[in-house]
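One structure is given below, encoded as structure tokens.
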Amino acid sequence: MRLKHGRKTAYVGVALTACLTMLTQSAFAADISELALDQLLNMEISSSSKFPQKLALAPASATVVTADEIAANGHRTLADILRSLRGLYVTNDNNYSYLGVRGFSPSGDYNARVLLLLDGHRLNDSVYDQAYIGMEGIIDVALIERVEFVPGPAASVYGNNAFFGVINIVTKSAERLDGMRLSAAAGDLATGQGRMSWGHVLDNGMKLLLSAQDYSSKGEDLHYAEFDEINNGYAVNVDGERKKSFYAKLENDRWLLTAAASERKKFMPTASYGADFNSSDNYTDDQLSLLDLRYHRAWNDKLDFSARVYHDTMSYDGSYLYYTDPTLNTASFDGARGRRAGGEVQWVSSYFELHKMVMGAEYIVDYRQDQFAYYLPDTMSLDDSRRNDKQALYFQDEYALRPDLFFHYGLRLDNDRAGDLNLHPRLGLIQQRGAGGSVKLLYGTAFRTPNSYERFYQDGGNTAKVNPDLEQESIETYELVAEQMVTGNNRLLGTLYYYKVHDQITLITDPADGLMMFQNQSLVNGHGAELEWEHLWENGARLKLGYSWQRVRESAGTPRNSPRHLAKLNASAPMPWWSLRAGLEGQYVARRASKIGEVSDYVLTNARLSQALNKNIEWSLGLYNLFDQAYEDPAGDEFAQNSLRQPGRHFLLQLDYRF
């Protein structure tokens, strides 16, 4: 059912009115941790080229979200952060969160087309290539110092999965925490969260950070008309979620040791893959861990050396009941076990005048890529074990043609156990326009190798079958970016882009037997424009408005889940009462094609209010889907539903105490 335009206009009007009221009535000084806009453009990021570059001069239309912005908007997960950025949108199937980039978000994609990093450490897993961005992710949002998003292909730097972009999560330092912090939160739907974090700098200069989190929620009771014959279509008490996570970091001037682990169990109310409806025995359980040791040393003022070794694990278990299906009358279990080890060495050199070069080599071994599926009591339908080794060499150069003109070029060679060789370049020409602006002309290519899940998953002919002949997909992108500071406190950005995806890997239903499989199906063309305006007031109030127009075409037909328009509003300001600070967030997503027809467009509004009672105690109240907007996301072929309802209005009240 489409939104009534009058109602939608009222929502936007209320949000804008509240926003302008906050900004015009504010009278308090800015928080010292807030970044001015010129400081933001001069901030150094490393996710674009694997060496520090000013944001304005990086060969990408990169975006940085700081910890202060995350807190001001009450973001609870990485998915919340990403959905606030221009050109991005998030789909949720009541289990995982999926990222759409520039109009592209096909069914069956577990975020394998974006590369997710934690302080430069690859987080995409070794079986599904999944980037976990929702509550299922390994990192607690409270530990994030900033998130860097670099859109566009970056295979010349990172290889596989850096297809539509790179997301780098930069964590907070021990100095940033500087002591013990305790946090407790409670909300509707029996939601509760507790957190303990501690940061300390030892007398010998060693820095230690420790953090642990526990979260649980009952979830919503949901109605699906497709199941009206069962419990009147209501899924009751089957949307719950539980999560625990741990993070530790130990570092000095040269060494950095990071350890992290998480476990999340999510109950599934959607009866996906034909499972029994309204059963609490339908769930998924994900466990992730990582251990990363990095060494960094500046040999002299012109040569830096770094090296890292790491080990990752992932475990997935899924439970699906089929007792109401007379042809099966059983329970199905599937799962995966992934184990990865790797290492990388890198040199950053400025020995040659006007050049800044990075050279590196990387080795990754996915020594365990196991998938299994079985039916009770003892029918094994899948028992698959794989291994893959990958090696890579890469080179990047930032060449100053003149003081205001820079040429970026890079190349990476990837090779894997199957003998697939990939050579992918990136080119960029950047003109600096004064101290607060730049124009960038960018070109890049990338590839994505089909993962073990896409090639080899099957469940004995019940819902899915294998396709070992899948070929890799590739992309080439052209982009023009212009960014400019205006009068010192206004930032304007505009981008134009075009991309072409060859041999897209898509989850389809084979009409011959009704089974799902992955297939190289179509050629995809996408083009669009993005605009963003940001203003910073002297009192610390901040307003950011963004708009994206995106057009995607597939040779196989109309692309699903591809909105033509996205609009974003982010605002925060100190209030003129009792040292309060308010945040307001608005998001518009245009209608999207689904399996049958399309789902309606929607406007989503979130708000947050916070107050520091003293230097040790702060409370905050987050209101999500403030106007209780009814909206849905398109469903994939694994669902009987055409679309899936998303959460209504809910709140989270949090209390933080600092020792």
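What you are looking at is a predicted structure, and each value in this text was computed from that prediction instead of being measured. What you see below is based on every heavy atom in this structure, not just the backbone, and it leaves out hydrogens, waters and symmetry mates.
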Problem - Main-chain N/O of Lys595 paired with Asn642 side-chain donor or acceptor, under 3.5 Å - result: yes
Exercise for the section: Compare all side-chain heavy atoms of Glu69 with those of Asn570 and state whether any distance is below 4.5 angstrom. Expected result: no
Exercise for the section: Using only heavy-atom distances, determine whether the side chains of Arg426 and Ser49 contain a donor-acceptor pair under 3.5 Å. Expected result: yes
Exercise for the section: Take Phe163 and Val501, measure what side-chain contact (heavy atoms from CB on, under 4.5 Å) needs, and give me the verdict at the end. Expected result: CA-CA 10 Å; Phe163 200 81; Val501 178; 4.0 Å; yes
Exercise for the section: Sequence neighbours left out, what passes side-chain contact (heavy atoms from CB on, under 4.5 Å) with Asp503? Give chain and number order. Expected result: Asn520
Problem - Side chain to side chain, Leu623 and Arg649, heavy atoms closer than 4.5 Å - result: no
Handout entry: Heavy-atom check, side chain of Tyr158 versus side chain of Ser47, under 4.5 Å
Key = yes
Handout entry: Minimum-distance pair of heavy atoms, taken over all atoms of Asn73 and Glu585
Key = OD1-CB, 3.8 Å
Practice task
Could you walk me through whether Ser61 and Glu530 pass side chain to side chain donor-acceptor pair (under 3.5 Å), step by step?
Solution key: CA-CA 10 Å; Ser61 54; Glu530 299 169 349; 4.9 Å; no
Handout entry: Arg645 CZ: over 12 foreign heavy atoms closer than 6.0 Å
Key = yes
Exercise for the section: For residues 557-570, pull every pair meeting salt bridge (Lys or Arg N to Asp or Glu O under 4.0 Å), keeping only residues two or more places apart or in separate chains. Expected result: Arg560-Asp637
Handout entry: Interatomic distance, His565 atom NE2 to Tyr547 atom OH [nearest 0.5 angstrom]
Key = 4.5 Å
Fill in the blank from the handout: Nearest heavy-atom approach of Gln53 to Ser48 is OE1-CB, 3.8 Å
Problem - Any side-chain heavy-atom pair of Asn561 and Asp633 under 4.5 Å - result: no
Handout entry: Minimum heavy-atom distance Lys440-Ile430, with the two atoms named
Key = CG-CG1, 3.8 Å
Handout entry: Flag, side chain of Glu479 to backbone of Thr495, donor-acceptor distance under 3.5 Å
Key = no
Completion exercise
Separation between OG (Ser643) and CD (Glu598), nearest 0.5 Å, reads 11.5 Å
Problem - Charged N-O contact under 4.0 Å between Glu344 and Lys50 - result: yes
Handout entry: Flag, side chain of Asp119 to backbone of Thr171, donor-acceptor distance under 3.5 Å
Key = yes
Handout entry: Spacing of Leu507 atom CG and Gln519 atom CD [to the nearest 0.5 Å]
Key = 10.5 Å
Handout entry: Result of checking Val114, Leu115, Asn111 against Asn161 for side chain to side chain contact (heavy atoms under 4.5 Å, CB included)
Key = Leu115
Problem - Glu534 bridged to Arg491 by N-O distance under 4.0 Å - result: yes
Practice task
In plain terms, say whether Glu473 and Arg448 are close enough for a salt bridge, that is, a side-chain N and a carboxylate O under 4.0 Å apart.
Solution key: yes
Exercise for the section: Could I get the full list of ring-ring contact (aromatic ring centres under 6.0 Å, His included) partners for Tyr453, not counting sequence neighbours? Expected result: Tyr110, Tyr128, Tyr457, Phe518
Practice task
Taking the side chain as every heavy atom from C-beta outward, state whether Tyr394 and Gln346 have any pair of such atoms under 4.5 Å apart.
Solution key: yes
Exercise for the section: List the steps, then state whether side-chain contact (heavy atoms from CB on, under 4.5 Å) holds for Ser572 with Arg581. Expected result: CA-CA 7 Å; Ser572 64; Arg581 188 168 185 90; 3.4 Å; yes
Practice task
Answer yes or no: is there a donor N or O on one side and an acceptor on the other, between the side chain of Gln550 and the main chain of Pro563, under 3.5 Å?
Solution key: yes
Exercise for the section: Please say whether more than 12 non-hydrogen atoms of neighbouring residues, nucleotides or ligands are located less than 6.0 Å from CD in Glu471. Expected result: no
Handout entry: Asn124 side-chain N/O to Leu116 backbone N/O, donor-acceptor pair under 3.5 Å
Key = yes
Practice task
Please list all pairs passing the ring-ring contact (aromatic ring centres under 6.0 Å, His included) test where one or both residues lie in residues 427-447, with sequence neighbours left out.
Solution key: His424-Phe447, Tyr443-Tyr478
Problem - Nearest-0.5 Å distance that lies between atom CG in Leu604 and atom CG in Asn625 - result: 5.0 Å
Practice task
Give the minimum heavy-atom separation between Leu496 and Ala529, together with the two atoms involved.
Solution key: CD2-CB, 3.6 Å
Exercise for the section: Answer whether the closest heavy-atom distance between the side chains of Arg113 and Pro106 falls below 4.5 Å. Expected result: yes
Practice task
Apply the test side-chain contact (heavy atoms from CB on, under 4.5 Å) to residues Asp414 and Thr449: give CA-CA distance (whole Å), side-chain angles for both, the deciding distance (0.1 Å), then the verdict.
Solution key: CA-CA 11 Å; Asp414 284 87; Thr449 301; over 6 Å; no
Exercise for the section: Not counting sequence neighbours, list each pair that qualifies as a ring-ring contact (aromatic ring centres under 6.0 Å, His included) and has a residue in residues 481-507. Expected result: Phe164-Tyr499
Handout entry: Close side-chain approach of Gln472 to Asn422, heavy-atom, < 4.5 Å
Key = yes
Exercise for the section: Return yes if some donor-acceptor pair links the side-chain N/O of Thr605 with the main-chain N/O of Leu626 below 3.5 Å, else return no. Expected result: no
Exercise for the section: Assess Arg76 against Tyr624: is NZ or CZ under 6.0 Å from the centre of the six-membered ring, and within 45 degrees of the ring's axis? Expected result: yes
Exercise for the section: Kindly say whether Ala62 contributes a backbone atom to a donor-acceptor pair with the side chain of Glu148 at under 3.5 angstrom? Expected result: no
Exercise for the section: Verify, without hydrogens or angle tests, whether Ser562 (side chain) and Gly103 (backbone) share a donor-acceptor contact under 3.5 angstrom. Expected result: yes
Problem - Side-chain (Asp109) to main-chain (Ala112) donor-acceptor, under 3.5 angstrom - result: yes
Handout entry: Shortest non-hydrogen separation from Gln504 to Val524 and the atoms involved
Key = OE1-CG2, 2.9 Å
Handout entry: Closest heavy-atom pair and its distance - Ala607, Leu584
Key = CB-CD1, 4.1 Å
Handout entry: Donor-acceptor pair, side chain of Ser620 and main chain of Ser610, under 3.5 angstrom
Key = no
Exercise for the section: Take Ile167 and Leu99 through the side-chain contact (heavy atoms from CB on, under 4.5 Å) test and state the conclusion after the steps. Expected result: CA-CA 11 Å; Ile167 304 162; Leu99 184 65; 3.9 Å; yes
Practice task
Drop me the distance from Thr66's OG1 to Asp68's CG, to the nearest 0.5 angstrom.
Solution key: 5.0 Å
Fill in the blank from the handout: Output for pair (Glu632 CD, Ser600 OG), nearest 0.5 Å, gives 7.5 Å
Problem - Check: Arg412 and Glu362 side chains under 4.5 Å, non-hydrogen atoms - result: yes
Completion exercise
The side-chain contact (heavy atoms from CB on, under 4.5 Å) partners of Asp93 (sequence neighbours excluded) come to Asn95, Tyr96, Tyr98, Phe639, Leu644
